[in-house]
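Have a look at the structure below, then the notes.
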Amino acid sequence: DVRMMVIDRHGKLMHHSERALIGQPVMPELLSLIRDGTPTHQVRLDGVEEIMTSTPLPGFDGYLILLTPLILHTAPVNRLVTSGLVLLMVCFVGIGLLTRNYTKSVVMPLRAISDRFARLNDNPDLGHTSLPVPEKQDEITSLIKGFNSHIQALSLQRSVAAELRYAEQKALD
């Protein structure tokens with residue numbers, strides 16, 4: 001897709017991929033860009049964005065011009081950007097799933113334990129229920145078992161205290 005042209009000092013084509021154009025003058029705007037001393041320009045030719053590189057030919061009063069469609073330069077970058085965005089989206093989905101799993105397996109059980117302890121602290125005389133123990137054995141499960149043991153111990157303590165009060169009451173009567 002790269003095209004090569006050679007023009008003489010008058011701006012006429014000496015070499016072109018289309019033989020019918022040889023000897024024809026290049027557009028004045030294009031000739032002006034070629035002669036301005038800047039070796040590379042982005043130009044629009046025949047509706048296609050192209051990178052034009054020109055260099056003077058040593059020992060010859062003319063220029064060598066290479067025209068490369070811009071898409072050849074940008075297509076790999078576009079593929080890389082698209083791949084990067086897809087990878088980023090996959091990472092976001094993965095992070096979301098990990099966050100959901102972490103919330104379900106760590107945050108929610110810890111919050112339930114914390115809420116139950118707060119209720120126990122606010123209303124110590126109420127009957128409190130145990131938390132369900134998860135099947136998997138980990139630190140959270142140990143905390144839940146510890147909370148449940150604490151609730152059972154409090155329940156037993158209340159029961160023994162009630163029996164003791166009843167026995168004392170009966171002994172006084």
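- Closest non-hydrogen pair, Pro109 versus Ser105, comes out as CG-O, 3.5 Å.
- The shortest distance between side-chain heavy atoms of Arg44 and Glu50 does not fall below 4.5 Å.
- Across Met4, Met5, Arg3, a single residue satisfies side chain to side chain contact (heavy atoms under 4.5 Å, CB included) together with Ile65, and that is Met5.
- Listed for the Ser159 side chain is no donor-acceptor partner under 3.5 Å among the backbone atoms of Ser155.
- For the residue pair Glu49 / Gln42, a side-chain donor-acceptor distance below 3.5 Å is found, with atom types taken as modelled.
- Side-chain atoms of Asp61 never come within 3.5 Å of backbone atoms of Arg9 as a donor-acceptor pair (strictly under, hydrogens ignored).
- Annotation for Arg111: atom CZ does not count as buried by contact number, only 12 or fewer foreign heavy atoms lying within 6.0 Å.
- Two residues are said to be in side-chain contact when any heavy atoms from C-beta on lie closer than 4.5 Å; Leu66 and Met52 fail this criterion.
- Across every non-hydrogen atom of Met14 and Asp8, the tightest pair is SD-CB, 3.4 Å.
- Leu67 and Leu72 fall into different hydrophobic clusters, where Ile, Leu, Val, Met, Phe, Trp and Tyr residues are linked whenever their side-chain heavy atoms come under 4.5 Å apart, directly or through other members.
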Item to check | side chain to side chain contact (heavy atoms under 4.5 Å, CB included) between Leu97 and Asn101, intermediate numbers included | outcome: CA-CA 6 Å; Leu97 291 174; Asn101 185 45; over 6 Å; no

Checklist entry - Between Val107 and Tyr102, does a side chain to side chain contact (heavy atoms under 4.5 Å, CB included) hold up when you go through it step by step? => result CA-CA 7 Å; Val107 174; Tyr102 181 78; 3.7 Å; yes

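- Judged by distance alone, with hydrogens and angles left aside, the side-chain atoms of Ser114 form no donor-acceptor pair with the main-chain N or O of Leu110 at under 3.5 Å.
- Of all heavy-atom pairs between Val6 and Phe60, the closest is CG1-CE2, 4.3 Å.
- Within 6.0 Å of the CZ atom in Phe117, the count of heavy atoms belonging to other residues, nucleotides or ligands exceeds 12.
- Side-chain contact between Lys170 and Arg165: absent, with no pair of heavy atoms (C-beta onward) separated by less than 4.5 Å.
- With Ile144 as reference, Pro134 is the one residue of Pro132, Pro134, Ser149 to meet the side chain to side chain contact (heavy atoms under 4.5 Å, CB included) rule.
- Listed here is the closest heavy atom pair of Ile51 and Thr40: CG2-CG2, 3.6 Å.
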Checklist entry - What's the verdict on side chain to side chain contact (heavy atoms under 4.5 Å, CB included) for Lys12 and Ile7, showing C-alpha distance, side-chain angles and the deciding distance? => result CA-CA 5 Å; Lys12 291 187 179 184; Ile7 61 170; over 6 Å; no

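- Under a 3.5 Å cut-off, the side chain of His41 and the backbone N or O of Val43 do not form any donor-acceptor pair.
- When atom types are taken as modelled, the side chain of Thr103 and the backbone of Thr99 share a donor-acceptor pair closer than 3.5 angstrom.
- Smallest separation of non-hydrogen atoms from Thr38 and Ser54: O-OG, 4.2 Å.
- A donor-acceptor pair is defined here as one N or O able to donate and one able to accept, closer than 3.5 Å; such a pair exists between the side chain of Thr141 and the backbone of Lys136.
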